[in-house]
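Below is one structure, written out as structure tokens, with a few remarks after it.
Heads up: numbering here begins at 1 and tracks the sequence.
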Amino acid sequence: MKKKHYKKKPSTFKKWTGKLHLWFGLGIGFLIFIISITGALYVFKDEIENITRKDVIYHNEQNIEQKQVLPIRVLEKSVVEQVKEKYPVHWVNIPIDKKMSYLFYWYEHNPKGWNYFDEFPIYKAAYVNPYNGKVLRVYDEKNGFFQIVKMIHWSYLLKQEWGTYVVGIPVIIFVIMLISGIILWWPKNKAARKQRFSFKWQNVKSWKRKNYDLHNILGFYASIFALIFSLTGLFYAFFVVQAAFYFIFSGGKTAYPDFSSIKTKAPIELRTEGTLDKISNTVKAKYPNSYGFSIDLGHEHMDDHEHPNFEVYVKHLSYSYHKSSSLIFDENSGELLHTHDMKDKNFGEKTVGANYDIHVGSILGLPTKIIAFIVSLICASLPVTGFLVWWGRRKKKTLKTT
């Protein structure tokens, strides 16, 4: 006589974990799909723009070895005359590579706006030949595809002040779902383990089984990276997450380095049309192997607030922001007052500085971007496959009761 095998009922803990996972999934599934799919779309922004804008990223000026770039203020005046924009130019990106164009930006933030389009009246970029001041092309970044995708991902196109919370709260729930999903996935024995790690569809015809495997197996493999991308995303939504990151990775430090006491002391009479060029030449001489740097042009803006000092941000890599330096200059004399390089930063500062690159997958270039893209697509698929798992079981229960 054959011994009957009874299926062991799941523990109370796993039962309620499953219910929690289901309720959360049905509640925020669509929001997570939007966040994930926009994240996937944004990953290769730089690579795509490097191709589509190649003809203006490089100015193609001939015999540049015998030529000098025009002074920054001269370039600014030339750009303003050509573009004829009512808002003042905000800053300029200056590349170290002499073959590349300068990038002048218009950027205004209106704190009274209630959505993305009202909050940012303008965000434009002009590619400029630094040897003759000619504007090669102007891009309306505000209404550009990747910027819209980014702001949907960032705040659902709502006002940043609270839109980031509207995104952040579902992401917190998604983190809980990832953890609960791993608990539910965790195999009880060796036999179950074999099924959980790979697709075994040789004799499987049921779409429900295949969908279930897609949800569980892909979800498991993506979970670690999904947790990393979720936590680095929460960094931008909640200050407490930023503070926690810095506290943990700095070895318990609670105060971020403050250089606000290093200020301009020279009299304003020393400020000339060439002050910014003096600053630019100092940066170029100090970091000849960097990618480029940004200089604020010093005009008043809609949300203008006091800047404690004149800081220049230096980007060392073309594909990533995590290797950077900050230089503080005297705004009037152009003298270098302070340098804060990578070697001067504690591990907490380096982690905070690398957060964006980790989040978008650019930390190690193309390989990590590919990982970010695949994981984002899997995360977008999880609400869909999860819903189909629930729908299939619901349909099955309905048939049983009829």
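Residues V79 and Y102 fail the side-chain proximity criterion, which asks for heavy atoms closer than 4.5 Å. Considering only heavy atoms from C-beta on, V69 stays 4.5 Å or farther from D277 through its side chain. The shortest side-chain heavy-atom distance between I94 and K284 falls under the 4.5 Å cut-off. Residues L103 and Y127 have side chains in contact (heavy-atom distance under 4.5 Å, counting atoms from C-beta outward). The shortest side-chain heavy-atom distance between L26 and F387 falls under the 4.5 Å cut-off. For the pair F329/T275, no side-chain contact is recorded, criterion being any heavy-atom separation below 4.5 Å from C-beta on. Using a 4.5 Å heavy-atom cutoff, the side chains of F238 and Y165 are in contact. Proximity of F259 to E311: side-chain heavy atoms (C-beta onward) are nowhere separated by under 4.5 Å.
Taking a cutoff of 4.0 Å between a charged side-chain nitrogen and a carboxylate oxygen, K45 and E141 do not qualify as a salt bridge.
Between the side chain of Y256 and the main chain of G348, no donor-acceptor pair closer than 3.5 Å is present. Remark: side-chain polar atoms of N332 are not paired, donor with acceptor, to backbone N or O of L270 under 3.5 angstrom. Judged purely by atom type and a 3.5 angstrom limit, H359 uses its side chain to pair as donor or acceptor with the backbone of F229. E49 contributes no side-chain N or O that, together with a main-chain N or O of E47, makes up a donor-acceptor pair within less than 3.5 Å. Between the side chain of H215 and the backbone N or O of G386, at least one donor-acceptor pair lies under 3.5 Å. Within the 3.5 Å criterion, the main-chain N or O of V74 finds no donor-acceptor partner in the side chain of S78. Between the Q82 side chain and the G133 main chain, a donor and an acceptor come within less than 3.5 Å of each other. Looking only at distances, a side-chain donor or acceptor of K142 sits under 3.5 Å from a matching main-chain atom of F117. Within the 3.5 Å criterion, the main-chain N or O of D357 finds no donor-acceptor partner in the side chain of H322.
The nearest pair of heavy atoms linking P121 to E108 is CD-O, 3.2 Å. Nearest approach of L75 to L70, heavy atoms of both residues: CD1-O, 3.5 Å.
By the salt bridge (Lys or Arg N to Asp or Glu O under 4.0 Å) test, E273 is found to be paired with K77, residues two or more places apart in sequence or in another chain being considered. Scored by the side chain to side chain contact (heavy atoms under 4.5 Å, CB included) test, L388 finds W207, N211, V384 as partners (sequence neighbours excluded). Every residue meeting the side chain to side chain contact (heavy atoms under 4.5 Å, CB included) condition with I374, not counting sequence neighbours, appears here in chain and number order: I370, I378. The ring-ring contact (aromatic ring centres under 6.0 Å, His included) check on Y319 picks up nothing, with sequence neighbours excluded. Applying the side chain to side chain contact (heavy atoms under 4.5 Å, CB included) rule to Y291 yields the partners M100, K315, S318; only residues at least two apart in sequence or on another chain are considered. Scanning for ring-ring contact (aromatic ring centres under 6.0 Å, His included) contacts around H109 gives F120, with sequence neighbours left out. Applying the side chain to side chain contact (heavy atoms under 4.5 Å, CB included) rule to S324 yields the partners Y313, K345; only residues at least two apart in sequence or on another chain are considered.
For the salt bridge (Lys or Arg N to Asp or Glu O under 4.0 Å) condition, the pairs that include at least one residue of residues 84-100, sequence neighbours left out, are E85-K124. Among residue pairs with one or both ends in residues 286-301, none qualify as salt bridge (Lys or Arg N to Asp or Glu O under 4.0 Å); sequence neighbours excluded. Each ring pair (Phe, Tyr, Trp, His ring centres under 6.0 Å) pair with one or both residues in residues 52-74, not counting sequence neighbours, appears once here: H59-Y131. Sorted by first then second residue, the side chain to side chain donor-acceptor pair (under 3.5 Å) pairs that include residues 64-73, not counting sequence neighbours, are E61-K67, R73-E76.
To the nearest 0.5 Å, the span separating CG on L234 from OG1 on T232 amounts to 8.0 Å.
Under the 6.0 Å cut-off for aromatic ring centres, W185 and F220 qualify, their centroids lying closer than that. Aromatic ring centroids of F235 and Y356 lie 6.0 Å or more apart.
In the displayed structure, K350 atom NZ is contacted under 6.0 Å by more than 12 heavy atoms of other residues, nucleotides or ligands.
Remark: the T339 side chain and the D341 side chain contain no N/O donor-acceptor pair separated by less than 3.5 Å. In this model, a donor atom of one side chain and an acceptor atom of the other lie less than 3.5 Å apart for E349 and H340.
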Let me have the donor-acceptor pairs involving side chains of residues 29-40, under 3.5 Å, with sequence neighbours excluded, atom names and distances please.
{"unit_1": "S36", "atom_1": "OG", "unit_2": "I32", "atom_2": "O", "d": "2.8"}
{"unit_1": "T38", "atom_1": "OG1", "unit_2": "I34", "atom_2": "O", "d": "2.7"}
{"unit_1": "T38", "atom_1": "OG1", "unit_2": "I35", "atom_2": "O", "d": "2.9"}
{"unit_1": "T38", "atom_1": "OG1", "unit_2": "H153", "atom_2": "ND1", "d": "3.2"}

Verdict with supporting geometry, K278 and E335, salt bridge (Lys or Arg N to Asp or Glu O under 4.0 Å):
CA-CA 8 Å; K278 182 178 179 180; E335 294 296 324; 2.6 Å; yes
